[in-house]
Amino acid sequence: MAALATNNPTLESVASRLDPDGKISKIVEIMNTTEEILLVTPFMEGNLPTGHRTTVRTGLPDPTWRKLYGGVQPTRSTTTQITDNCGMLEDYAEVDKALADLNGNTAEFRLSEDRAHVEGMAQKLARTLVYGNEGSTPEAFTGLAPRFNNRNPSIAASGDNVLDGAGAGSDNTSVWLIVFGESSVHGIYPKGSKAGLSMTDKGQVTIENVDGQGGRMEGYRTHYKWDAGLSVRDWRYVVRIANISVGALKKDASSGADLIDLMTDALERVPSLSAGRPAFLVNRTIRSFLRRQIRNSKNVNLTMDQVAGRKVVHFDEVPVLRTDAILNTEAVVPNS
């Protein structure tokens with residue numbers, strides 16, 4: 001699909017340009033193996049030191065059918081300004097100096113030991129991209145779910161793009177279709193910062209209270225810092241399939257959500273898949289049932305294609321990326 005060949009920079013491409021020695025690129029590579037959402041999400045520099053202010057179109061001009069010698073009233077679109085903030089995600093990794101030096105390649109050993117910290121940052125960023133809410137966590141940023149939390153278009157225009165999987169109770173999950181792009185949906189990092197991601201080697205330090213009893217040791221410390229946010233410039237390029245009851249899912253779609261039907265409907269909701277880089281975001285439960293439902297259907301096929309050099313499952317030529325940041329315990333998204 002041509003839309004996958006867009007030039008919107010992902011974290012990997014931004015990092016490779018800004019860090020020619022490869023340190024940050026290795027970190028991004030680790031993140032991409034744990035959260036596939038990072039394979040396709042473009043990150044762009046904001047126009048504010050703390051985020052990004054953008055103008056969102058809320059209505060289109062209403063043209064006039066003109067008759068001979070009849071007049072035409074000028075019209076204009078309606079817009080509103082939205083400011084999306086960035087959050088500061090940070091972590092420190094520490095390893096015993098003696099242990100790191102025994103390895104013979106101290107730098108590589110430290111990065112291998114830091115892997116858990118890197119994966120933790122990736123998972124937390126992914127969770128915030130989905131569920132982040134500045135109303136309850138002011139230090140973070142607002143993700144997708146709070147922006148698409150009602151199915152009623154009269155309450156929020158975006159409700160037209162929130163589909164109902166007919167689930168009830170508290171074992172629900174969602175499927176997201178997003179067309180990532182500069183004019184639709186993209187990640188942001190603060191103006192003047194280094195791709196929102198930095199790794200600082202603090203070198204040898206004395207680590208205090210290492211044993212919980214006031215003991216000390218010599219160690220190596222690394223500081224990780226990632227300033228990031230999310231900008232949704234055009235809600236029409238996001239579709240949420242909500243209220244999918246995990247407990248009701250069947251491999252033959254005899255009950256519960258018909259994933260094939262719902263995802264097909266979602267594809268028709270966006271104005272154009274060619275406007276950016278489209279992707280379905282699902283957790284492992286949904287991708288498993290999707291593959292089984294397709295196996296039990298006729299004339300529907302999953303394909304495998306490459307995204308960022310990796311083989312990824314595709315549905316109707318759109319990659320189906322797994323992110324376990326999407327929960328199986330979502331509350332019902334209401335219609336009122």
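In the hydrophobic clustering of ILVMFWY residues, with side-chain heavy atoms under 4.5 Å counting as a link, Ile188 and Val179 come out apart. Val130 and Leu89 fall within the same hydrophobic cluster, where Ile, Leu, Val, Met, Phe, Trp and Tyr residues are linked whenever their side-chain heavy atoms come under 4.5 Å apart, directly or through other members. Phe280 and Val246 are not part of a single hydrophobic cluster, where members link through side-chain heavy atoms under 4.5 Å apart. Note on Leu111: it clusters hydrophobically with Trp226, by side-chain heavy-atom contacts below 4.5 Å among ILVMFWY residues. Val332 is not connected to Trp176 by any chain of hydrophobic side-chain contacts under 4.5 Å among Ile, Leu, Val, Met, Phe, Trp and Tyr, and they are in different clusters.
The shortest heavy-atom contact between Ala257 and Leu262 is CB-CD1, 3.9 Å. Nearest heavy-atom pair, Asn243 versus Val333, reported as atom, atom and distance to 0.1 Å: OD1-N, 2.7 Å. The two atoms that bring Ser158 and Trp235 nearest to each other are CA-CE3, 3.6 Å, heavy atoms only. Of all non-hydrogen atoms in Leu125 and Ala228, the two that sit nearest each other are CD1-CB, 3.9 Å. For the pair Asn161 and Val238, the tightest heavy-atom approach, listed with the atom from each and the gap, is ND2-O, 2.9 Å. Residues Arg277 and Val40 approach most closely at NH1-O, 3.1 Å, considering heavy atoms.
Under a 4.0 Å N-O distance rule, the pair Asp114/Arg110 does not qualify as a salt bridge. Note on Arg240 versus Glu330: salt bridge recorded, some NZ/NE/NH1/NH2 to OD/OE distance being below 4.0 Å. Note on Lys191 versus Asp227: no salt bridge recorded, every NZ/NE/NH1/NH2 to OD/OE distance being 4.0 Å or above. The pair Glu36-Arg322 does not count as a salt bridge, with every side-chain nitrogen at least 4.0 angstrom from each carboxylate oxygen. Under a 4.0 Å N-O distance rule, the pair Asp252/Lys250 does not qualify as a salt bridge.
Taking 4.5 Å as the limit, every side-chain heavy atom of Leu327 sits out of range of all side-chain heavy atoms of Thr173. The shortest side-chain heavy-atom distance between Leu267 and Asp316 falls under the 4.5 Å cut-off. You'll find the side chain of Met88 stays beyond 4.5 Å of the side chain of Glu139, heavy atoms only. Looking at Leu290 and Val320, their side chains come closer than 4.5 Å, going by heavy atoms from C-beta outward. Residues Ser231 and His186 have side chains in contact (heavy-atom distance under 4.5 Å, counting atoms from C-beta outward). With contacts defined as side-chain heavy-atom distances shorter than 4.5 Å, the pair Ile286/Ile244 qualifies. Asn47 places a side-chain heavy atom less than 4.5 Å from the side chain of Arg53. The shortest side-chain heavy-atom distance between Leu259 and Phe315 does not fall under the 4.5 Å cut-off.
Residue Gln204 holds its CD atom at 4.5 Å from CD of Glu218, rounded to the nearest 0.5 Å. The CG atom of Leu249 sits 8.5 Å away from the OG1 atom of Thr285 when rounded to the nearest 0.5 Å. In this structure, the separation between CG on Asp265 and CD1 on Ile241 is 7.5 Å, given to the nearest 0.5 Å. Atom CE of Met263 is separated from atom CD of Gln293 by 10.0 Å, given to the nearest 0.5 angstrom. Here CD1 of Ile326 is found 12.5 Å from CZ of Arg284. Values are rounded to the nearest 0.5 Å. Separating the CD1 atom in Ile207 from the CD atom in Glu94 is a distance of 4.0 Å, to the nearest 0.5 Å.
Within the 3.5 Å criterion, the main-chain N or O of Tyr237 finds no donor-acceptor partner in the side chain of Asp234. The backbone N or O of Gly181 sits less than 3.5 Å from a side-chain atom of Ser184, completing a donor-acceptor pair. When atom types are taken as modelled, the side chain of Arg292 and the backbone of Arg287 share no donor-acceptor pair closer than 3.5 angstrom. Between the Asn209 side chain and the Gly214 main chain, a donor and an acceptor come within less than 3.5 Å of each other. No donor-acceptor pair closer than 3.5 Å links the side chain of Ser193 to the backbone N or O of Tyr189. Within the 3.5 Å criterion, the main-chain N or O of Ser274 finds a donor-acceptor partner in the side chain of Ser272. The backbone N or O of Ala168 sits nowhere less than 3.5 Å from a side-chain atom of Ser245 that would complete a donor-acceptor pair. A donor-acceptor pair under 3.5 Å links the side-chain atoms of Thr128 to the main chain of Lys124, judged by distance alone.
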Q | Steps toward side chain to side chain contact (heavy atoms under 4.5 Å, CB included) verdict (His52, Thr83) | A | CA-CA 6 Å; His52 186 65; Thr83 299; over 6 Å; no
Q.
Before you tell me yes or no, could you show the steps for Asp160 and Arg269 under side chain to side chain contact (heavy atoms under 4.5 Å, CB included), namely the whole-Å CA-CA distance, both residues' side-chain angles and the distance that decides it to 0.1 Å?
A. CA-CA 9 Å; Asp160 198 44; Arg269 296 281 173 140; 4.1 Å; yes
**Q.** Steps toward side chain to side chain contact (heavy atoms under 4.5 Å, CB included) verdict (Ile294, Ile260)
**A.** CA-CA 7 Å; Ile294 285 178; Ile260 298 170; 3.6 Å; yes
**Q.** side-chain hydrogen bond (donor to acceptor under 3.5 Å, both in side chains) assessment of Thr54 paired with Arg233
**A.** CA-CA 7 Å; Thr54 186; Arg233 292 198 62 186; 2.8 Å; yes
Q) Does the side chain to side chain contact (heavy atoms under 4.5 Å, CB included) test come out yes or no for Val270 and Leu177, once each step is laid out? A) CA-CA 9 Å; Val270 298; Leu177 170 62; 4.2 Å; yes
**Q.** Full working for side-chain hydrogen bond (donor to acceptor under 3.5 Å, both in side chains) between Asn335 and Asn152
**A.** CA-CA 5 Å; Asn335 191 35; Asn152 192 334; 4.6 Å; no
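Each of Asp96, Asp201, Asp101 was evaluated against Tyr220; a single residue qualifies, Asp101, per the side chain to side chain donor-acceptor pair (under 3.5 Å) test.
Counted by atom type alone, Asp91 and His117 present one or more donor-acceptor pairs between their side chains at under 3.5 Å. A donor and an acceptor atom, one from each side chain of Thr206 and Arg216, are nowhere located under 3.5 Å apart. Defined by atom type and a distance below 3.5 Å, a donor-acceptor pair is missing between the side-chain atoms of Asn283 and Asp324. In the model, Asn328 has no side-chain atom that pairs as donor or acceptor with a side-chain atom of Asp171 under 3.5 Å.
Between His223 and Tyr92, the gap from one ring centroid to the other is short of 6.0 Å.
A 6.0 Å sphere centred on CE of Met217 holds more than 12 heavy atoms belonging to other residues, nucleotides or ligands.
Cation-pi geometry between Arg127 and Tyr131 is not met at under 6.0 angstrom from the ring centre and within 45 degrees of the axis.
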